[in-house]
Amino acid sequence: MSATLLAILGFATIVGIIVVLLKNWTGPMIAFIAVPCITAVILILTGTASLADIGAFVKKGVQSVHGTAVLFIFSVTFFGIMSDVGMFDVIINALVKRVGNNVVGVAVMTCIIAMIGHLDGGGASTFLITIPAMYPIYKRLRMRPTTLMLICVTAMGVMNLLPWGGPTMRTASILKIDSNDLWKQIIPMQFVGIVIALFTAVFWGFVEKKRGAGEGSTLPWDVEDEEEEETVVQKNDLARPKLFWFNVALTLAVILGLVFLPLQSYHTFMIGCVIALLVNYPGTKMQKKIIKLHCDSALMMATTILSAGVFLGILEGTVKGDGVLSKSIMTHMANLVVAGIPQSMGHFLPLIIGVLSVPLALFFSTDSYFYGLLPVLIPIGQAFGVAPIHIGIAMVVCRNCATFISPCVPATFLGTGLAHIDIKGHIKNSFLWVWGVSLVCLISGIILGIVRF
């Protein structure tokens with residue numbers, strides 16, 4: 001199969017998944033397995049890949065996300081236990097008392113927590129720090145969880161520009177410069193992004209307030225797959241008010257462990273779950289009851305994440321193009337995008353790729369976007385006198401804004417799962433706003449002379 005057909009097949013696969021999800025024809029788990037399997041059959045029938053190759057692709061893809069799936073299971077269980085013992089009730093009461101009925105204040109608080117939480121550059125850990133803490137407050141004030149996710153991903157996209165952030169390091173390695181040197185050049189654009197992120201929180205806070213959110217709101221709380229709250233008797237039975245400070249200390253220890261300990265994130269939550277269960281609910285019978293309370297939601301999202309591994313594995317696996325060993329389907333997709341840029345527009349390459357970065361984020365994983373697309377764009381830009389640094393800056397800044405709305409980024413599913421929303425709702429609610437944030441950052445870079453063409 002030719003490189004062009006492979007690229008078209010890749011785009012068709014992603015579009016197929018998006019359409020299936022938007023039309024509600026099936027759930028994410030089935031979509032992420034069924035559609036790529038059709039792609040796999042086409043690859044086998046055309047001799048582009050063998051059945052053994054497909055098996056290897058899926059194995060590698062699942063391996064790339066299995067850590068996130070395990071992390072989700074144990075993080076949901078841990079924070080579920082903290083909710084059962086009543087720790088969040090005390091914290092929520094204190095926070096709500098401080099901000100009162102100030103819906104805008106809650107939105108801004110969400111943004112600030114997400115920014116601080118993302119100082120380590122980890123998307124999964126930021127979601128785990130921010131969403132479980134803020135979700136109950138949003139529920140009490142009847143603020144939509146899609147707003148919670150939008151504020152989070154906007155703040156995280158800006159903070160992800162730090163020199164130890166994955167996209168910045170990838171871009172720096174391709175440009176062959178130190179990531180810190182690259183970051184120093186984009187600091188003004190990042191500052192603009194921070195202001196926009198705070199504006200996002202204020203704006204959407206007012207939107208929520210206008211629709212009636214606030215203390216005592218009668219707005220319905222319509223969240224899919226979320227079970228009704230336990231009765232007061234059940235909650236009192238599970239509450240452990242005397243262990244409040246122990247549970248706070250344990251939660252802080254787990255969060256600090258995510259940042260500082262040289263352990264896998266899921267390992268940290270495994271240890272936290274064990275300690276939480278042993279101290280709060282001693283005895284096998286009670287421990288089984290607690291685990292059973294949270295296993296449904298944990299396993300449901302974990303299966304979706306593992307299913308996404310099938311999709312990523314098939315699109316990122318090395319296939320044969322024109323009868324010889326070639327590159328991944330995503331690499332061919334990147335080459336097709338580049339080929340679609342008219343030669344006469346080569347001079348405006350930083351502007352073009354900056355404008356297209358958010359839509360492209362829906363089709364490319366982080367690695368394929370930077371390692372597949374950027375090396376191809378650099379020589380094209382140089383042919384028109386465009387410095388590689390300007391292409392790199394446009395790509396890293398504008399694409400970062402959309403990192404956590406992309407279905408190709410496993411952490412996105414972690415965030416949507418914690419917020420009890422589906423990927424479809426998240427993308428529909430966030431896409432246009434995030435694209436606008438990206439374009440404002442790009443314009444600021446052009447005005448400030450950071451991005452030139």
Side-chain angles (χ1 to χ4, degrees), residues 64 115 117-126 153-194 197 259 262 316 327-328 330-331 334-335 337-338 349-358 360-361 363-404 406 408-411 434 437-438 441-446 448-453:
S64 71
M115 285 183 179
H118 205 62
L119 286 173
D120 67 342
S125 61
T126 306
V153 300
T154 304
M156 292 163 65
V158 174
M159 296 305 292
N160 212 32
L161 291 170
L162 291 168
W164 51 86
T168 304
M169 289 193 294
R170 288 177 176 87
T171 304
S173 67
I174 295 169
L175 295 175
K176 295 181 174 58
I177 62 175
D178 185 80
S179 61
N180 201 48
D181 293 335
L182 174 60
W183 176 61
K184 289 178 181 178
Q185 296 189 53
I186 61 179
I187 286 177
M189 295 176 72
Q190 185 177 29
F191 179 77
V192 171
I194 291 173
V259 179
E316 293 182 341
K327 298 180 180 179
S328 70
M330 279 197 174
T331 300
N335 291 337
V337 170
V338 173
L349 201 53
L351 176 63
I352 295 171
I353 195 62
V355 171
L356 296 178
S357 285
V358 172
L360 291 175
F363 296 91
F364 293 97
S365 67
T366 306
D367 282 333
S368 62
Y369 181 81
F370 289 102
Y371 291 133
L373 196 56
L374 182 55
V376 179
L377 289 174
I378 286 176
I380 295 176
Q382 287 178 317
F384 290 91
V386 180
I389 187 68
H390 300 307
I391 299 174
I393 290 175
M395 288 184 69
V396 71
V397 174
C398 297
R399 198 272 182 187
N400 254 330
C401 295
T403 296
F404 299 106
S406 172
C408 298
V409 177
V434 168
V437 172
S438 174
C441 288
L442 175 63
I443 293 170
S444 70
I446 295 172
L448 295 170
I450 301 171
V451 178
R452 302 172 189 169
F453 49 88

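All values below were derived from every heavy atom in this structure, side-chain atoms included, with hydrogens, water molecules and symmetry-related copies excluded. On a predicted model such as this, the values are computed, not experimentally measured, just so you know.
- Note that CE of M156 and OG1 of T403 are 8.5 Å apart. Values are rounded to the nearest 0.5 Å.
- Using a 4.5 Å cut-off on side-chain heavy atoms (C-beta onward), I353 and L360 make contact.
- Smallest separation of non-hydrogen atoms from C401 and S438: SG-CA, 3.8 Å.
- To the nearest 0.5 Å, atoms CZ (R399) and CG (L161) are separated by 12.0 Å.
- Contact record, I446 with L351: CD1-CD1, 3.9 Å, taken as the closest heavy-atom pair.
- Residues Q190 and V158 approach most closely at NE2-O, 3.1 Å, considering heavy atoms.
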T171/M395 under side chain to side chain contact (heavy atoms under 4.5 Å, CB included): CA gap, chis, key distance, verdict: CA-CA 8 Å; T171 304; M395 288 184 69; 5.8 Å; no
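- Across all their heavy atoms, A155 and A197 have their closest contact at CA-CB, 4.1 Å.
- Side-chain contact between L442 and V397: absent, with no pair of heavy atoms (C-beta onward) separated by less than 4.5 Å.
- Rounding to the nearest 0.5 Å places CZ of F404 at 5.0 Å from CG of N160.
- Counting only heavy atoms from C-beta outward, the side chains of I389 and L182 approach each other to under 4.5 Å.
- C398 approaches V358 most closely through the heavy-atom pair O-CG2, 3.9 Å.
- Residues I393 and P350 fail the side-chain proximity criterion, which asks for heavy atoms closer than 4.5 Å.
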Evaluation steps, side chain to side chain contact (heavy atoms under 4.5 Å, CB included), between M189 and V451: CA-CA 10 Å; M189 295 176 72; V451 178; 4.2 Å; yes
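- In this structure, OG in S357 is found 9.5 Å from CG in N400, a value given to the nearest 0.5 Å.
- Rounding to the nearest 0.5 Å places SG of C441 at 10.0 Å from CD1 of I194.
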